[in-house]
Q: 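Mind having a look at this structure? Questions to follow.
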Amino acid sequence: MKRKALYLFTPLLLFTSYTTIWAQKTKRPNVVIIYSDDVGYGDVSCYGATKIHTPNIDRLAKEGIMFTNAHATSSTCTPSRYGLLTGQYPWRKQGTGIAAGDAGSIIKEDQFTLADLFQKAGYQTAAIGKWHLGLGGANGPDWNGDIKPGPNELGFQYSFIIPATPDRVPCVYVENHKVKNLDPKDPIEVSYKDPIGTDPIGTAHPEQLTMKADLQHSGTIINGVSRIGYMKGGHKAYWNDESMSDVITSKAIEFINNNKAHPFFLYFAIQDIHVPRVPNPRFKGKSGMGARGDAILELDENTGKILKVLDSLKLTTNTIVIFSSDNGPVLNDGYEDGAVEMLNGHTPGGPYSGGKYSKLDAGTRVPTLIRWPGVIRTAKVSDALIGQIDLIASMAKIINEQLPANAAPDSKELSDVLLGRSQKGRTSIVEQGMTGLAIIRDNWKYIPPHPGATIMKGKNMLLGNAPFPQLYDLQNDRAEKNNLAKEYPEKVKELSQLLTDIQQSKN
Ligand code: NG6
Ligand code: CA
């Protein structure tokens, strides 16, 4: 009798479990990461900026969670992006420093990426905006042929990218495997050593420049701005700096529109507010803070456009939107664009010290907002310690997809924290500055002794280097002014040991 009942029930059970799985699959949320560039903890109004107003970014804080202790992997771009996409600390791998504009692909095709995760789960995936993770084989890309490997070999089905940075040649967009609008009769050549071609360069023709640049940024002049590196050819393919943010935003909107019926993952790496800061003329003078402030307004407006298209397609409820930045803020990053002179009392790093390139907290502690209406309670603030490196393991859990063995070795599964169900984040995280590592554990921060310069010349940037150990209590000393290493030698020992252990693990 019992057995018979079981037989009768089995198909029903199978049917219900099948429908649950089916429901889970079909309800998988879309995921949009708006990954801004060089935006500091204090650069947006929801994090306390008063001299500038960012209503669209603030909307994400009102409708989601604002994290106060969330970290980019590194205080520069290439390693941070590497960490976010692979879930591996970049300092474990050679060649993950700031990439030249003609570097080969840094992530190898057999490495599992965040985009692979979504693609495996049946999502449509796209990388739009700044790439800066190298393209092509070991010798770099063939700009006039098929540019690969690149994002399309790393899990993104569609890509529309700025190959490196807006201040590096070649100043062209790459769509999937091709330079957009390339005239085959005017092939591109790129050099990061000696000048090539006949186009004017910054050192020889300063009179052609719209802004003065330092020596590194005095290569080929394109649209009145001298860049890092030299390029020849490709004239019809040049991007337009003033419309760059709008162009890539419209590509992002197009991708969302085209995929409204599928689950999609959009990695939208908007180039604002990286140098050269050439926001669209409609923002000129609007912030009262010069080009850097105007670029923040552009970033905010284009973030708003992404949120609006989700609203208009009724996708807001089922889309996770993450807003963050790849590293902390910098004022003069090679061009005299008024960022220093017109700062007007604004504090780009908020209460934290340092910024881009630095081991001090403003280097990696960045604005981080997550919204998923209906799932995340609104207007929450979370002080949990999280890293961008944790996205891959956490997203795997959220979309109910397995990570392959050995994938994302440093990524911690913190989905409950990301979704506001728990405040228990990491206990420790390694922060990477341009001159080495630091570690945070339970609000204690340790920076090992380093012989490097304390200030980065020309940028007036505190790097966090000192020839002696540094220990800070971040709870009571957010600016890292009061070195407690002598008072707490045991803490120094513990944290130094922990850093060594993490460095030696998982190699
Ligand atoms: C640096 C550049 C800086 C910027 C940075 C990359 C010099 C002196 N400075 O090497 O202007 O391009 O690289 O920025 O060349 S990042 O946000 O992409 O890491
Ligand atoms: Ca950056």
Side-chain angles (χ1 to χ4, degrees), residues 33-41 43 71-85 90-91 95-103 106 129-135 161-171 192-193 202-203 211-220 222 225-230 241 244-245 267-278 291-292 295-296 299 323-337 339-340 348-349 354-358 362-367 388 432-435 453 455-461 463:
I33 300 180
I34 303 172
Y35 203 36
S36 64
D37 202 339
D38 298 359
V39 174
Y41 190 91
D43 273 328
H71 293 258
T73 312
S74 169
S75 61
T76 56
C77 164
T78 302
S80 277
R81 283 158 208 254
Y82 178 90
L84 184 147
L85 290 178
W91 41 262
T96 52
I98 299 174
D102 59 353
I106 291 168
K130 180 172 148 187
W131 181 241
H132 208 193
L133 283 163
L135 293 166
I161 56 170
I162 296 151
T165 62
D167 57 347
R168 282 176 172 74
V169 300
C171 299
Y192 273 80
K193 280 196 198 119
T203 39
M211 30 181 174
K212 261 192 165 172
D214 66 13
L215 193 59
Q216 276 90 342
H217 290 81
S218 290
T220 305
I222 284 151
V225 178
S226 50
R227 317 279 165 156
I228 306 178
Y230 305 95
D241 296 85
M244 180 178 274
S245 189
Y267 170 71
F268 179 45
I270 186 164
Q271 97 291 353
D272 283 317
I273 55 172
H274 197 279
V275 298
R277 301 176 188 117
V278 191
R292 185 173 186 276
I296 295 177
L299 166 68
F323 176 91
S324 197
S325 172
D326 66 338
N327 52 253
V330 59
L331 297 177
N332 181 342
D333 207 11
Y335 297 99
E336 292 181 20
D337 62 5
V340 177
K356 184 170 180 174
Y357 311 109
S358 178
T364 60
R365 193 185 291 239
V366 285
Q388 289 171 1
Q432 181 184 25
M434 213 165 80
T435 52
I455 291 186
M456 196 167 185
K457 267 205 203 139
K459 299 189 201 284
N460 200 19
M461 179 63 72
L463 288 170

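First listed ligand is number 1; within each ligand, the first listed atom is number 1. Along the sequence shown, the residues carry numbers beginning at 1.
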Q: N/O to N/O below 3.5 Å, does that happen between C77 and ligand 1?
A: yes
Q: For ligand 1, which atoms have a heavy atom of I98 less than 4.0 angstrom away?
A: 6 (C), 13 (O)
Q: Do you know which two heavy atoms are closest between D333 and H217, and how far apart they sit?
A: O-CE1, 3.3 Å
Q: Is it the side chain, the backbone, both or neither of Y335 that has a heavy atom closer than 4.0 Å to ligand 1?
A: neither
Q: Which atoms from ligand 1 have a heavy atom of T76 less than 4.0 Å away?
A: 19 (O)
Q: Starting from atom 13 (O) of ligand 1, find the nearest protein heavy-atom neighbour and note its residue, name and distance.
A: R168 NH2, 3.0 Å
Q: Among K356, H217, R81, which residue places a heavy atom closest to atom 9 (N) of ligand 1?
A: H217
Q: Is it the case that ligand 1 has an N or O less than 3.5 angstrom from some N or O of D38?
A: yes
Q: Once the angle between the rings of W131 and Y267 is folded into 0 to 90°, is it parallel (under 30°), tilted (30 to 60°) or perpendicular (over 60°)?
A: perpendicular
Q: With atoms numbered from 1 as shown, which atoms in ligand 1 lie under 4.0 angstrom from a non-hydrogen atom of D37?
A: 17 (O)
Q: Taking 4.0 angstrom as the limit and counting only heavy atoms of T165, give me the atoms of ligand 1 inside it, by number and element.
A: 18 (O)
Q: To check you understand the geometry: which heavy-atom pair defines the closest contact between A291 and R277, and what is its length?
A: CB-O, 3.6 Å
Q: Between H132 and A99, is there a donor-acceptor pair closer than 3.5 Å when you use the side chain of the first and the backbone of the second?
A: yes
Q: Restricting to non-hydrogen atoms, name the atom on T165 and the atom on H274 that form the minimum distance, rounded to 0.1 Å.
A: CB-CE1, 4.0 Å
Q: Identify the heavy atoms of T73 and Q388 that sit nearest to each other, and give their distance.
A: N-OE1, 4.2 Å
Q: I need the atoms of ligand 1 closer than 4.0 Å to a non-hydrogen atom of H132, numbered in the order shown.
A: 18 (O)
Q: Thinking salt bridges, do D326 and K356 make one under a 4.0 Å N-O criterion?
A: no
Q: Tell me which N, O or S atom from D38 is the closest to the Ca ion (ligand 2).
A: OD1
Q: Distance check below 3.0 Å: does T76 bring an N, O or S atom to the Ca ion (ligand 2)?
A: no
Q: Only N/O/S atoms count here: what is the atom of D326 closest to the Ca ion (ligand 2) called?
A: OD2
Q: Under 4.0 Å from a heavy atom of D167: give me the atoms of ligand 1 that qualify, with their elements.
A: 3 (C), 4 (C), 11 (O), 12 (O)
Q: With heavy atoms of K130 as the reference, note each atom of ligand 1 found under 4.0 Å away.
A: 16 (S), 17 (O), 18 (O)
Q: Between R292 and D43, is a salt bridge (Lys or Arg N to Asp or Glu O under 4.0 Å) present by the stated rule, with each step listed?
A: CA-CA 10 Å; R292 185 173 186 276; D43 273 328; 2.6 Å; yes
Q: Please find the pair of heavy atoms, one from S75 and one from G433, that lie closest to each other, and give the distance.
A: OG-CA, 3.3 Å
Q: Of all N/O/S atoms in D37, which lies nearest to the Ca ion (ligand 2)?
A: OD1
Q: Which residue owns the protein heavy atom closest to atom 3 (C) of ligand 1, what's the atom, and how far is it?
A: Y357 OH, 3.3 Å
Q: Going by the order shown, which atoms of ligand 1 are within less than 4.0 Å of some heavy atom of N327?
A: 17 (O)
Q: What heavy-atom pair brings A269 and R81 nearest, and what distance separates the two atoms?
A: CB-NH1, 3.5 Å
Q: State, with a plain yes or no, whether a side-chain heavy atom of D38 is found less than 4.5 Å away from one of N327.
A: yes
